[in-house]
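Encoded as C-alpha cells, the structure appears first; notes follow it.
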Amino acid sequence: MNGDRALIDSVRPISLTREEQAVYHERDSIDGVLPADSLLTAADSLAADSMANDATLIAELYKRTETTVQQDDDDKQDDDTPRQTNGFEQLKDIGWEIGKRMIFSNGTESENGYIKLSPLLSPQFISYSKSSGLSWKFRLRGEYRFSPRYRLQFSPNAAWKITKKEFYYDVPLFFFYNPKRESFLFFTLSKGNEIANNSMLEQLQQKMGPSPDLEAQELHLYGDLMLHLSNSMRISKSLSMAVGLTYHYRLGKYSHALRQLGLTDKFSSLAPALTIKLRPWAKAPVFSINYERALNIEPFNIDYERWETDASIKHYMTRLQTLNVRFGGGLYTRKKGNNFMDFANFRANNLPEGWDDDWSGDFQLLDSRLYNESNYYLRGNLSYESPLLAASFIPLVGRYVERERAYVSSISIAHTRLYSELGYGFTCRYFSMGLFASFLNTQYQQMTAKFTFELFRRW
C-alpha cells in the first residue's frame, strides 16, 4: 500500500485540522521523521491557536451578553417613557375613546357601591312617538352601602325632546335605614311637567280680547320645578304609609310678555302630602290613596286640596302571559286664584322608559293640555301580554317576535266625551313597536306609532 503522504494530501477533499496535523507530527517524531522540538513547536502552536479561539469565543459571548443587557435596558426605558406617536395615531386613539363612551355604559364599582352612566348615544335611549316627537334620554345609577342597615341609592333621569326643544329631568334619591320595616327617606327634584293655567287664559282674553290663536301663543303655559321629600315605612304586612312635603315653583313660559301685560308670571306652593298603600294579600291589587293640601301662607300663592285613588295589579296568568289592570281617579276639592290641575297619577310622562315600564298604563295620543284642564278624572287601563297573538303566526316574521301586547285605555274628564285608545305592540331583541288609535266615544280620531330600541336595554 502506498503511504505517500504528499499524494494523499493532494487528493484529500477536506484539509486536515490543526488537531489532526498535530497527531501526524507526533507520529513522525516517534518514527524519527521530525525532530522533537518540531513536535513541541507544533503542540505549542496548537495550544496557542486553541487559546486564541477560546479567547475569541469568550469575547464574542461577552459582546453578545453586553448587547442583550443594553437592549433590555433600552426596552425597559421604552416602557417607562410614553411611546411617541404621530398626530394621526393620537387622533385615532382619542376618537376610539370617545366612541366607547358614546355607545357603551361607563362606570365604576367598589366593595361598598357602584356608579353607572348609560351610553350617551345608545339607540335604546332614542324613541319616537307622534305626541312627543323624537326624544333622547340618559340615566345615571348609583348606590353606596354604609352598612348592611344603611344604604343610599340615586337614579337621575333626563330627556331631551328634540322635536319640541324641551329638556326634562328627574333626580330621585333614596336613603334606606330600616330593612325590616322597608323604611326609607325619599327626595326628588324634577323639571318636566309643563302645565296650563286656565284662569290665566281667561285673564289674557280679558286684556287682549277674544282671539282664535290666543291659546296657540302658549302665554298661559308654565314650567314646573318640583321638590318632594317624604318618609315611607311599612306599618304592617299589608299596609305602608308615606308622609312628606311637596314644593312647586311655576314660572311662565313667556314670563316677560306676562309681566308687560301686568299678569302674574310666578306661582309657588308648599303642601303636606300623605300616601297610604294597602295590599290585603300577596297576589291582591295594590290600593293607594294620595292626599295633598297646600299651606295658605306667604309667600306661597297657590291654594289647593287634592285627593287621588288608584288600584293596580300585574297578574301572571302563566309564565308567559300577563294581564295588567289599573283603575283610578282624582278630584280637586279646593282651588283658589288659579286653575293649575296637577295630578300625581294622571300626567304626561316626559321621561319614558322601555317596554316593561311605560308601555302599559299610559295614554299615547292624549293631548298634553288635557291633563291639566279638568278638576277630576276617572281612568282605566288594561293590557294583555303573550308571546302568541298575531305577529307570531306571520311567516319569516314570527320567529323574531318575543312578546306581543293588546291595549285598551279609557278616561273621563270634564268638558269632553269619553276618550279611549286601542293599541297593539310587539317587542323583539332589537326594538319595540306599537300602533295606537284614539276614539271619542265610538268616533275614530287619529292613529300613531311608537318605536323604541331594545338592543342595548340591559346597560
Sidechain-backbone polar pair: [X] side chain, [Y] backbone, donor-acceptor under 3.5 Å:
X	Y	result
Arg279	Ala284	yes
Arg151	Asn112	no
Ser374	Ala414	yes
Ser386	Leu389	no
Tyr222	Asn197	no
His228	Leu245	yes
Arg181	Ile235	yes
Gln364	Thr448	no
Arg145	Glu111	yes

So, for [X] and [Y], which heavy atoms are closest and what is the spacing to 0.1 Å?
X	Y	result
Ala449	Leu435	CB-CD2, 3.8 Å
Leu378	Gly329	CD2-CA, 4.2 Å
Pro272	Arg293	CD-O, 3.0 Å
Pro387	Leu320	CD-O, 3.2 Å
Ile195	Met341	CD1-O, 3.6 Å
Thr246	His248	CG2-NE2, 3.6 Å

- Validation row, ring centre Phe363 to ring centre Phe436 under 6.0 Å: no
- Item | Ring centres under 6.0 angstrom apart (Tyr249, Tyr247) | no
- Cation-pi geometry met for Arg347 and Tyr371 (6.0 Å, 45°): no
- Message: Taking the six-membered ring of Phe340 as reference, does the cationic atom of Arg250 (NZ for Lys, CZ for Arg) lie under 6.0 Å from its centre and within 45° of its axis?
- Response: yes
- Does the side chain of Ser183 come under 3.5 Å of the side chain of Asn231 through a donor N or O and an acceptor N or O? no
- Begin from the C-alpha positions of Arg326 and Asn324 and carry the test side-chain hydrogen bond (donor to acceptor under 3.5 Å, both in side chains) through to its verdict. CA-CA 7 Å; Arg326 184 177 185 183; Asn324 297 285; over 6 Å; no
Distance (rounded to the nearest 0.5 Å) between [X] [atom1] and [Y] [atom2]:
X	Y	atom1	atom2	value
Leu366	Thr416	CG	OG1	9.0 Å
Lys253	Leu219	NZ	CG	10.0 Å
Gln321	Glu385	CD	CD	10.0 Å
Leu382	Tyr407	CG	OH	11.5 Å
Ser110	Ile115	OG	CD1	10.5 Å
Leu331	Glu308	CG	CD	10.0 Å

- Walk me through it: do Leu258 and Thr264 pass the test side-chain contact (heavy atoms from CB on, under 4.5 Å)? CA-CA 7 Å; Leu258 292 175; Thr264 305; over 6 Å; no
Are [X] and [Y] packed together at the side-chain level, in the sense that at least one heavy-atom pair is separated by less than 4.5 angstrom?
X	Y	value
Phe187	Leu227	yes
Ser268	Asn301	yes
Asn375	Lys335	yes
Pro280	Ser238	no
Leu365	Gln445	no
Val325	Phe327	yes
Arg141	Asn157	yes
Val171	Phe154	no

- Task: Walk me through it: do Arg334 and Glu305 pass the test salt bridge (charged side-chain N to carboxylate O under 4.0 Å, His left out)?
- Result: CA-CA 5 Å; Arg334 178 184 176 90; Glu305 183 181 55; over 6 Å; no
More than 12 heavy atoms of other groups within 6.0 Å of [X] [atom1]:
X	atom1	value
Lys277	NZ	no
Met226	CE	yes
Phe167	CZ	yes

- Item | Among Ile413, Ile411, Asn441, side chain to side chain contact (heavy atoms under 4.5 Å, CB included) partner for Tyr419 | Ile411
- Which one of Tyr291, Phe343, Trp307, Tyr376 satisfies the ring pair (Phe, Tyr, Trp, His ring centres under 6.0 Å) criterion with Tyr332? Phe343
- Task: Start with the C-alpha distance between Arg306 and Asn290, add both sets of side-chain angles, then the distance that settles side-chain contact (heavy atoms from CB on, under 4.5 Å), and finish with yes or no.
- Result: CA-CA 8 Å; Arg306 189 191 71 226; Asn290 178 266; 3.1 Å; yes
- Pair Leu239-Arg234, side-chain contact (heavy atoms from CB on, under 4.5 Å): steps then yes or no: CA-CA 6 Å; Leu239 181 66; Arg234 182 168 54 82; over 6 Å; no
